[in-house]
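For reference, the structure discussed in these notes is given below.
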Amino acid sequence: MTAFTKKAGIPLLLSAMALPIVAPLAAQEADSGIDVYGSALTEGPKVEGMITARENDRIQVTTENGQATTIIVDEGTEVKASGGFLGLGSKTLNNAQLMNGLPVEVETLQFQGGLVAKQVKLKSSDLETASMIRGATQQQFAEHRADIDENTAAAEALRGRMGNIDQYNVRGVTNVYFDSGKWNLTGEGQREICNIASQAEQMDNALLLVVGYTDSVGDQDYNQVLSERRASRVVNYLQQECGWEPWRMLTPTGMAEADPVADNSTAEGKAQNRRVSVNILVSKAAEEG
């Protein structure tokens, strides 16, 4: 274990540096070990983006333009969320906290071996959303256990009819659009989401399927996470603001830049591809039975 010191005198202990980083970080950090003893630290760049990879004490942060930066997270790194400190240090940092899909703003220090995170800023709400993405439907069910318990009989009856059916009738579709690299909902998008939920509420046995997409800007890993975040934001709004029950939701899906509806070579086409599709589905068996 090798030690060095920040300007403020806070010791940073670079642990687990002898472990190689697996893809995609391996391409940026080829050395199997880093000796920084006595190295001078200078202020590094501020890196703002989304965590797209995590291996041991290093994270990869990808910016909106698709540029990926590898940063060491050390026990001296301060992790701060909006609303207060989370009390996270190197002994508790793990994939459940600084995980793929989490937007962060990282203040760094620079030395000859790369960048070390001095402070990582994030939003508590983003941490919650990233956790939901990772857990997908199981996480949603856990968070809404009270609602599920209240609707156990209806949920089980519906699952019984839907269990082995893979063909559905599409009874309605709406698209919600996003700015480049963003996943926040516009006022128009919020209205569209609740409108389709109201339509589905009038149909017996209706389920909602939410699928997120991106344009072609950025690499595949970044776009996959971004499409999942968009889908997750729509799911949250459906359940929290539009009153849609979690048990009537199929697993949300992120499809990155797959299935474009317009030409990605134009600005207008990219704008149409940055979308989340909300689909009303009713099984054919349920309608016939």
Side-chain angles (χ1 to χ4, degrees), residues 99-102 125-178 183-186 188-214 224-256 258-259 274-289:
M99 67 187 72
N100 287 354
L102 186 62
S125 59
D126 287 333
L127 182 60
E128 181 180 358
T129 301
S131 298
M132 194 195 77
I133 291 174
R134 190 177 181 188
T137 303
Q138 292 181 354
Q139 179 68 21
Q140 294 176 42
F141 272 44
E143 291 175 355
H144 298 281
R145 179 56 56 190
D147 292 337
I148 294 172
D149 290 342
E150 292 176 2
N151 294 282
T152 298
E156 290 304 320
L158 184 57
R159 288 194 189 102
R161 300 184 72 181
M162 303 291 292
N164 297 317
I165 301 172
D166 59 2
Q167 293 186 348
Y168 303 87
N169 290 323
V170 179
R171 294 308 185 193
V173 179
T174 193
N175 288 316
V176 181
Y177 298 97
F178 298 81
W183 56 90
N184 55 297
L185 295 171
T186 64
E188 181 180 359
Q190 292 172 353
R191 289 188 292 273
E192 290 291 336
I193 293 170
C194 283
N195 283 341
I196 196 167
S198 296
Q199 294 176 37
E201 192 64 48
Q202 307 306 313
M203 304 178 192
D204 292 336
N205 299 316
L207 301 176
L208 291 182
L209 172 64
V210 176
V211 185
Y213 299 92
T214 70
Q224 180 60 42
V225 173
L226 181 58
S227 66
E228 291 173 354
R229 291 195 66 84
R230 287 172 175 168
S232 176
R233 184 57 55 89
V234 171
V235 168
N236 280 346
Y237 198 83
L238 276 166
Q239 296 175 0
Q240 297 169 7
E241 302 298 332
C242 306
W244 190 256
E245 295 91 341
W247 54 270
R248 298 182 67 186
M249 181 81 61
L250 295 180
T251 303
T253 304
M255 293 294 290
D259 300 328
R274 296 191 298 267
R275 72 197 192 280
V276 166
S277 176
V278 184
N279 304 267
I280 302 175
L281 301 181
V282 179
S283 76
K284 293 179 180 179
E287 288 192 323
E288 295 170 358

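These numbers were taken from a predicted model, which means no experiment stands behind them.
Nearest heavy atoms, Pro252 versus Val235: CB-CG2, 3.8 Å. Contact between Ala197 and Cys242 at its shortest, heavy atoms only, is CB-CB, 4.1 Å. Closest approach of Val210 and Leu238 over heavy atoms only: CG2-CD1, 3.9 Å. Closest heavy-atom contact between Leu281 and Leu209: CD1-CB, 3.8 Å. The minimum heavy-atom distance linking Asp259 with Arg275 is given by the pair O-NH2, 2.9 Å. Nearest heavy atoms, Ala206 versus Trp244: O-CZ2, 3.8 Å.
Remark: Arg230 fails to qualify as a cation-pi partner of Trp183 under the 6.0 Å distance and 45° angle criteria applied to the six-membered ring.
Looking at residues two or more places apart in sequence or on another chain, you find a salt bridge (Lys or Arg N to Asp or Glu O under 4.0 Å) between Glu201 and Arg248. In terms of the salt bridge (Lys or Arg N to Asp or Glu O under 4.0 Å) criterion, residue partners of Arg274 (sequence neighbours excluded) are, by chain and number, Asp215.
Counting only heavy atoms from C-beta outward, the side chains of Asn195 and Thr174 never approach each other to under 4.5 Å. A 4.5 Å side-chain heavy-atom check between Pro246 and Gln239 finds at least one atom pair inside the cut-off. The side-chain heavy atoms of Met249 and Leu207, taken from C-beta on, include no pair separated by under 4.5 Å. Considering only heavy atoms from C-beta on, Val173 comes within 4.5 Å of Ser277 through its side chain. Val234 is listed as a side-chain neighbour of Leu185, based on a closest heavy-atom distance under 4.5 Å. Residues Leu208 and Ile280 are in side-chain contact: their nearest non-hydrogen atoms beyond the backbone lie under 4.5 Å apart.
Interatomic distance, CZ of Arg229 versus CG of Leu226, reported as 8.5 Å (0.5 Å rounding). Here CG of Asn279 is found 8.0 Å from CG of Asn175. Values are rounded to the nearest 0.5 Å.
The residue from Tyr213, Phe178, Tyr177 that alone fulfils the side chain to side chain contact (heavy atoms under 4.5 Å, CB included) condition with Val276 is Phe178.
Proximity of a side-chain donor or acceptor of Glu228 to a complementary backbone N or O of Thr253 within less than 3.5 Å is not detected.
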